[in-house]
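The structure appears below as structure tokens.
Reminder, nothing fancy here: chain letters follow the sequence lines and each chain counts from 1.
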Amino acid sequence: MNPDTLLRDEIEQAILALFGKAPESIQLQPTNPEFEGSHTLVCFPLSRVSGKNPAETAKIIGDYLLAHSSVVASYQVVKGFLNLTLHDHAWVKTLETIYAASNYGIQPPSGEEIMVEFSSPNTNKPLHLGHLRNNFLGWSVSQLLEANGYKVHKVQIINDRGIHICKSMAAWKLYGDGETPKTANIKGDHLVGNYYVAFDKAYRAQVAALVEKGMPKEQAEKEAPIMQLASEMLRKWEAKDPETVALWEKMNGWVYEGFDITYRAMGVSFDRLYYESQTYLLGKEIVLKGLEDGIFFRKEDGSVWVDLRAEGLDEKVLLRADGTSVYITQDIGTAVLRFNDFPNIVGQIYTVGNEQEYHFKVLFLILAKLGYAWAQRCYHLSYGMVDLPSGKMKSREGTVVDADDLIAEMIDEAEKQTRELGKVDEMTDEEARALYRMIGLGALKFFLLKVDPKKRMLFNPNESIQLQGFTGPFVQYTHARIRALLRKAEAAGVTASVEGLDNVILEPAEREVIIVLSRFPERVREAGATYSPALIANYVYELAKEYNQFYQSIPVLSEADPVRVRFRVALSEAVGRTIRTAMRLLGIDVPERM
RNA sequence: GGUCCGGUAGCUCAACUGGAUAGAGCAUCAGCCUUCUAAGCUGACGGUUCGGGGUUCGAGUCCCUGCCGGAUCGCCA
């Protein structure tokens, strides 16, 4: 078991016995490495209960624990801090339970269901670096929630309809000459993206030409012929014009084929896909019903609005004067549809960039106004933009980092560095390729996940392909090392065991590894509660680092005492399994050798 | 202009939600491979936590204020 909870109980009892009062809270924190001990009780707040100064309070509690606690071996008081050192047998016991656990750190299913939305691209261009952060984040948060007992439904809403895809369609119709992904030998999403770029280029030229002839810019932007064509296609699509719908289906089909390849490369998948084309009309009904119920109001021009001024926001339009839906209308419909499809989910997590914070604030308020209780459990997992050293990604300036290209580069770089180190001499080609992929992708995912999701982050290509230091490959390497050690142990007939160590004194490096190991379940809980894979990335790095220190200074198989050998093998195995689990929560695979 | 984020070592990021002398990685410098994988380990260097007030036993963290950067405030999505 984890000594934390036990210790907490004992401290609470101590305070109750000594001072006759229960403390408001017990501040128990890890002891700073420069001091002796593993747990520190902060005694400043307790002086109110004890009526003595913090240092005296610490001493009294320390003495009491020494006499009564089953785990405290000694203590030190530094100012108002009570540093506790536990008996090594408590740590041995801790490792014993960790080692025996079949799924250490993972909670069994609680029966609660939850939905996580991520990715949700438009279908007019390929995925880019921003989508990678989104996907890795959404995937990892799904894993984290599962690890905390939820049954998770991973979904996305594919924005397959609207003026953006019509732009690509218009350009293809004008300049495509029947080109297909096959004839062009390009992934479908990239092909469609090329036509989106072609549209933009032609459009701007046409607008400039019209302005040149004396037309006001605003008018020119509407009347440029290629824009007229795109708008006409949108109208025809909504009218279900067969030819337009067929083109739309064809080009979206290309995009999906391309996306599938990218998703497979990223290692993500979804349980259910929602398409905007199938949901965009649903919100309208709900809004009209809300209008009848007096939740919304209509202006003279016929448009429908919600008044959120009482909530500190503004009035927002929900239906245009012509009765058509706006963006948020379909989001209302999609949300309701999802709760109908999955009646057992307690809530929904939207993984969407922080530029849409206002949008989701409004959406959740509207859903609450409509009387949906689950609106309280809708959460916008808002993450910061990914910047490049050159600044923001701008499609106009061609600085967008393409997801497929980036993944390929990471894998190439992993191959290059792996070959330089001569690590693949005994591998088959197939094994080697799988390893490059694992390392390249591991580096990329770890790089994007180690930063607090809420924060804007910088993507430095040179740093992302680093395989040393605070990186995914460092952790993967530690795992491979452990696996190699365990293979050797097995070959030598050594079995792992935590038996026969009742009065042992541990090496500091051994104890430190167990201490870090013991914190894993709490970190999983915390990461789930705050939707933050970064906590797991930081943790698993700390664990790997701690283990490497142990590995470097303490012999395992060459140790003379067979009891200690078995113990260290068990310790190594527990660390290896925990690394694997933690990395799985990040969506990263770990190799057997590298 | 209103609202919301952010500003920590040369660079990229932490800091257990108010606790001890603010920690890692990269970069730079110096060491460690005849012993389980050196993608590793050890050490050195590096800080007015944007500035200024305040709250208290204690502030990078909370409050006020100023400066800088970003997002947002569409009948776009």
Is there a donor and acceptor pair closer than 3.5 Å between the side chain of [X] and the base of [N]?
X       : N      : value
T471(A) : A39(B) : no
N548(A) : A39(B) : no
D301(A) : C75(B) : yes

- Could you write nucleotides 4-11 of chain B as a row of B, S and -, 5' to 3', where a protein heavy atom under 4.0 Å of any base atom gives B, of only sugar-phosphate atoms gives S, and otherwise -? S-------
- Under a 3.5 Å cut-off for both distances, is C4(B) Watson-Crick or wobble paired, and to whom?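 Because both required distances fall under 3.5 Å, C4(B) counts as paired with G70(B).
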- Item | Pairing partner of C29(B) (Watson-Crick or G-U wobble, both distances under 3.5 Å) |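 Here C29(B) is engaged in a pair, and the nucleotide opposite it is G43(B).
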Could you check whether [X] gets within reach of a base, just the sugar-phosphate, or nothing at all, counting any heavy atom under 4.0 Å?
X       : answer
A480(A) : base
T329(A) : nothing
F470(A) : sugar-phosphate
N124(A) : nothing
I554(A) : base
Y358(A) : sugar-phosphate
L319(A) : nothing

- Separation between the C1' atoms of G51(B) and G60(B), rounded to whole Å: 15 Å
- Query: According to a strict under-4.0 Å criterion, is Q549(A) in side-chain N/O contact with OP1 or OP2 of U42(B)?
  - Reply: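 Affirmative; the distance criterion is met.
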- Message: Can you tell me if K488(A) touches the phosphate of U37(B), counting only side-chain N or O atoms and a distance under 4.0 Å to OP1 or OP2?
- Response: yes
- Item | For D301(A), side-chain contact (heavy atoms from CB on, under 4.5 Å) partners two or more places apart |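 Partners of D301(A) by the side-chain contact (heavy atoms from CB on, under 4.5 Å) criterion, ordered by chain and then number, come out as K299(A), S303(A), A321(A).
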- Message: Run the side-chain contact (heavy atoms from CB on, under 4.5 Å) test against R564(A) and tell me which residues pass, sequence neighbours left out.
- Response: L501(A), V504(A), E507(A), E510(A), E559(A), D561(A), R568(A)
